[in-house]
Structures are given as structure tokens and as C-alpha cells.
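Basis for what follows: all heavy atoms, side chains included, without hydrogens, waters or symmetry-related copies.
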Number of protein chains: 2
Amino acid sequence: MEKQNLALMELGRLMREIFRGFKKRIGEQNQEDIKITAEQFHLLNAINLKQEEVIQKDMAEIMGKDKSAILRLIDSLEEKELVRRAVDKNDRRKNYLMVTKTGERVLKQYQIIAFQMMEDIQQGLSVSDLNTFRRIIEHIKDNARKL
Amino acid sequence: MEKQNLALMELGRLMREIFRGFKKRIGEQNQEDIKITAEQFHLLNAINLKQEEVIQKDMAEIMGKDKSAILRLIDSLEEKELVRRAVDKNDRRKNYLMVTKTGERVLKQYQIIAFQMMEDIQQGLSVSDLNTFRRIIEHIKDNARKL
DNA sequence: AAAATTAGTTGCATATGTCAATTAATTATT
DNA sequence: AATAATTAATTGACATATGCAACTAATTTT
């Protein structure tokens with residue numbers, strides 16, 4: 001039991017380290033620029049990634065959170081003018097989520113940080129290792145989704 | 001840039017899925033028994049794992065959190081009588097953290113859940129895959145620490 | 001003895017998140 | 001067409017988590 005358990009713990013600790021590093025680098029960001037939290041970044045990124053139009057409900061599903069949590073995250077992003085809600089003309093219950101130009105710019109800055117972090121984190125790993133790692137992550141993710 | 005970036009995102013998402021699953025299973029726990037949150041479990045487990053005596057400061061370092069965050073987590077664990085603080089006789093600034101019998105019992109219950117989760121998550125992966133995965137995690141962890 | 005350091009504590013602010021109830025809009029049913 | 005059911009978003013109440021800065025008490029350094 002010990003080993004597997006440890007693996008889970010290690011993964012958690014690992015993520016905290018990475019998260020900590022990410023926050024630290026964000027903190028070192030240009031002061032005058034708009035700052036967002038990791039969760040805000042994550043949501044912004046997820047909206048941006050989607051090819052199709054998305055509404056709040058979709059994001060709640062994608063991010064595995066309550067719709068009210070998403071609503072408040074979007075509130076915070078809208079306040080910073082990184083995202084706007086646009087009502088669907090055909091179904092006025094729906095708000096399409098639109099990333100603003102500022103949103104794209106800020107997102108890009110954060111992506112650069114994330115990219116740099118990935119580079120640093122992957123230092124010293126072979127291409128084959130990385131491929132195996134990605135494959136396993138995908139596999140685990142599928143399993144985790146069913147939990 | 002895309003691929004590496006995705007790997008980071010995937011890892012984050014993966015952890016959230018696992019964490020979500022863990023919380024869900026915790027929620028399904030036996031009503032009459034003492035319930036703890038995921039963070040409480042994590043701290044309790046970390047204290048328990050340590051071979052040497054630990055004080056709050058140590059746990060803050062180990063868990064990568066502010067000492068006040070740890071303090072409050074310990075408050076909550078102490079309230080449930082899962083942990084006790086014992087003042088160091090030689091240095092009365094220090095509180096040694098002791099897991100109670102109840103703490104051990106509760107911890108064991110949650111470890112079983114965590115263990116079961118690990119089993120489910122690892123379904124379908126070969127032993128060699130798992131070993132590679134652990135090795136990479138270790139490597140990444142070393143890199144992450146330097147971030 | 002005074003100054004500096006250390007461990008723990010407290011107050012305050014913020015972020016995040018869930019659940020349940022409510023509102024408004026739309027769709028299905030009688 | 002009127003009523004009922006469903007859907008998306010919102011709000012309120014509440015719990016958890018976390019960091020920062022200021023403070024206290026104990027110990028160590030100067």
C-alpha cells in the first residue's frame with residue numbers, strides 16, 4: 001500500500017511546488033500589468049482554447065466546478081475586462097463568454113510564464129521520457145474522470 | 001510551445017480531477033465517523049509519515065504553506081482530537097505535533113480511500129510504465145524545487 | 001543587558017467553493 | 001393557449017483555505 005500511496009502524495013506535493021513557482025513568477029510580473037490568480041488564468045485559458053462558443057454552464061462542466069463558482073470567476077475576470085458576457089439572441093438565458101483583446105494579451109503573458117516553467121521543469125528529461133510521461137498522464141486522466 | 005504547455009495544463013487538470021474524486025469519496029464516508037477535509041488528511045498524513053519529531057514550522061516547510069495556515073489546520077485537527085500539541089521542555093517556543101490514537105484510526109480510514117483511489121487511477125498501466133512515471137515525477141520534483 | 005532571531009499566534013483580507021433557493025427564459029405538455 | 005417542466009444564470013448563506021503583517025513570548029547572539 002505504501003508505494004502507491006506515496007506516489008499520490010508525491011504528485012500532490014509536486015503540484016504544490018509547481019503552483020508555488022508559478023505564483024512566485026507571477027508575483028515578479030510587471031507591477032503595472034493586470035494580475036490574475038491561477039484559477040482565473042485557468043478559466044481564461046480554457047475559454048480561449050475552445051473552438052466553439054461557450055456559455056457558463058459549459059465551463060462549469062469542463063472545469064468540474066459548480067456553476068456558481070464559475071459565475072464568480074467570470075465576474076472577477078469581467079471586472080478586469082478580460083472577458084465579457086454576450087447574451088445569445090436566440091436564447092436569452094445563455095451568456096456567451098468572449099475573451100477581450102486585453103484578455104488575450106494578459107493570457108499570453110501568463111502562457112509565456114507557464115511555458116518557461118515547463119521548460120525548466122522538463123530540464124534533463126529525454127524526449128522518450130516525456131512522451132511516456134504524457135501518455136501516462138492521458139491514461140490516468142481518463143481513469144480519474146471516472147472517479 | 002503548445003505541446004509542453006498542454007502537458008502542464010494536463011497535469012493541473014489531472015490533479016484537480018483526482019482531488020475532486022478524493023473529496024467526493026470523503027463526502028461519501030460513514031456519517032457517524034469523524035470527518036476531515038482533504039487538507040486535514042494531508043497534514044495528518046504528513047505528520048504521521050515523519051520519523052522524527054516535528055513542530056509546526058517544519059510542517060509549514062514540508063507542505064509549502066504559511067505557518068498560519070498550518071496553525072489553523074492544526075487547530076482544526078486538535079479540536080477533533082486527532083492531533084495534540086506538546087510543548088518542548090527545553091525550548092518552550094516549540095510545539096511537538098503528536099497524532100492521537102483516534103488520529104491514527106481516522107487516518108487509516110482515509111488512507112484506505114486514498115489507496116483505493118490510487119488503484120483505480122493506475123488501472124491499465126504496466127509496472128514498467130508506473131516505474132517510469134515515478135522516476136519522472138522524482139526528477140520533475142527536483143527541478144520544481146528550484147523554481 | 002540589549003539586540004536579534006525564532007516559533008507561534010492573531011487580525012484582516014482575499015479566494016475559492018458548495019448547496020439551496022430564486023429569477024427569467026425557453027420548451028414540452030395538456 | 002395556458003400550464004408545467006426544464007434550463008441558465010444569479011444570489012445568499014456558509015465553510016474552507018491561505019497569505020501577509022503585526023505582535024508575543026522564548027531563546028540565542030552580540
For [X], report the nucleic acid contact type (base, sugar-phosphate, nothing); a contact means any heavy atom under 4.0 Å.
X: Asp66(B); answer: base
X: Thr37(B); answer: sugar-phosphate
X: Asp75(B); answer: nothing

Distance in angstrom units between [X] [atom1] and [N] [atom2], rounded:
X: Leu71(A); N: dT22(C); atom1: CG; atom2: C1'; answer: 14 Å
X: Lys94(A); N: dT7(D); atom1: NZ; atom2: C1'; answer: 9 Å
X: Leu73(B); N: dG8(C); atom1: CG; atom2: P; answer: 14 Å
X: Tyr96(B); N: dA26(D); atom1: OH; atom2: P; answer: 16 Å
X: Arg72(A); N: dA8(D); atom1: CZ; atom2: P; answer: 19 Å
X: Asn95(A); N: dT7(D); atom1: CG; atom2: P; answer: 18 Å
X: Asp58(A); N: dT7(D); atom1: CG; atom2: P; answer: 14 Å
X: Ile70(A); N: dA8(D); atom1: CD1; atom2: P; answer: 14 Å

By nearest atom, which of the nucleotides [options] is closest to the [X] side chain?
X: Arg85(B); options: dT9(C), dG17(C), dT18(D); answer: dT9(C)
X: Ser68(A); options: dG8(C), dT27(D), dT11(D); answer: dT11(D)
X: Arg93(A); options: dT18(D), dA8(D), dT28(D); answer: dA8(D)
X: Glu39(A); options: dA17(D), dA8(D), dG17(C); answer: dG17(C)
X: Arg92(A); options: dA9(D), dC20(D), dA25(C); answer: dA25(C)

Hey, does the side chain of [X] reach the backbone of [Y] with a donor-acceptor pair shorter than 3.5 angstrom?
X: Tyr110(B); Y: Ile36(B); result: yes
X: Asp58(B); Y: Ile55(B); result: yes
X: His139(A); Y: Gln122(B); result: no

### Query
Are any of Lys57(B)'s side-chain N or O atoms less than 4.0 Å away from OP1 or OP2 of dA7(C)?
yes

### Task
Please state whether the phosphate of dT6(C), meaning OP1 or OP2, lies under 4.0 angstrom from any side-chain nitrogen or oxygen of Gln56(B).
no

### Query
On DNA chain C, nearest-nucleotide positions of Lys89(A) versus Ala69(A): which is more 5'?
Ala69(A)

### Summary
The answer to which of Ala38(A) and Asn90(A) contacts DNA chain C further toward the 5' end, by nearest nucleotide, is Ala38(A)

### hbond_proxy Lys65(A) side chain to dG17(C) base (donor-acceptor, 3.5 Å cutoff)
no

### Message
Looking at Arg84(A) and Glu78(A), is there a salt bridge between them, counting it only when a charged N and a carboxylate O are closer than 4.0 Å?
### Response
no

### Task
May I ask you to check whether Lys94(A) and Gln56(A) show a side-chain donor-acceptor distance below 3.5 Å?
no

### Task
Look up atom CG in Leu97(B) and atom CG in Asn48(B), then write down how far apart they are to the nearest 0.5 Å.
12.0 Å

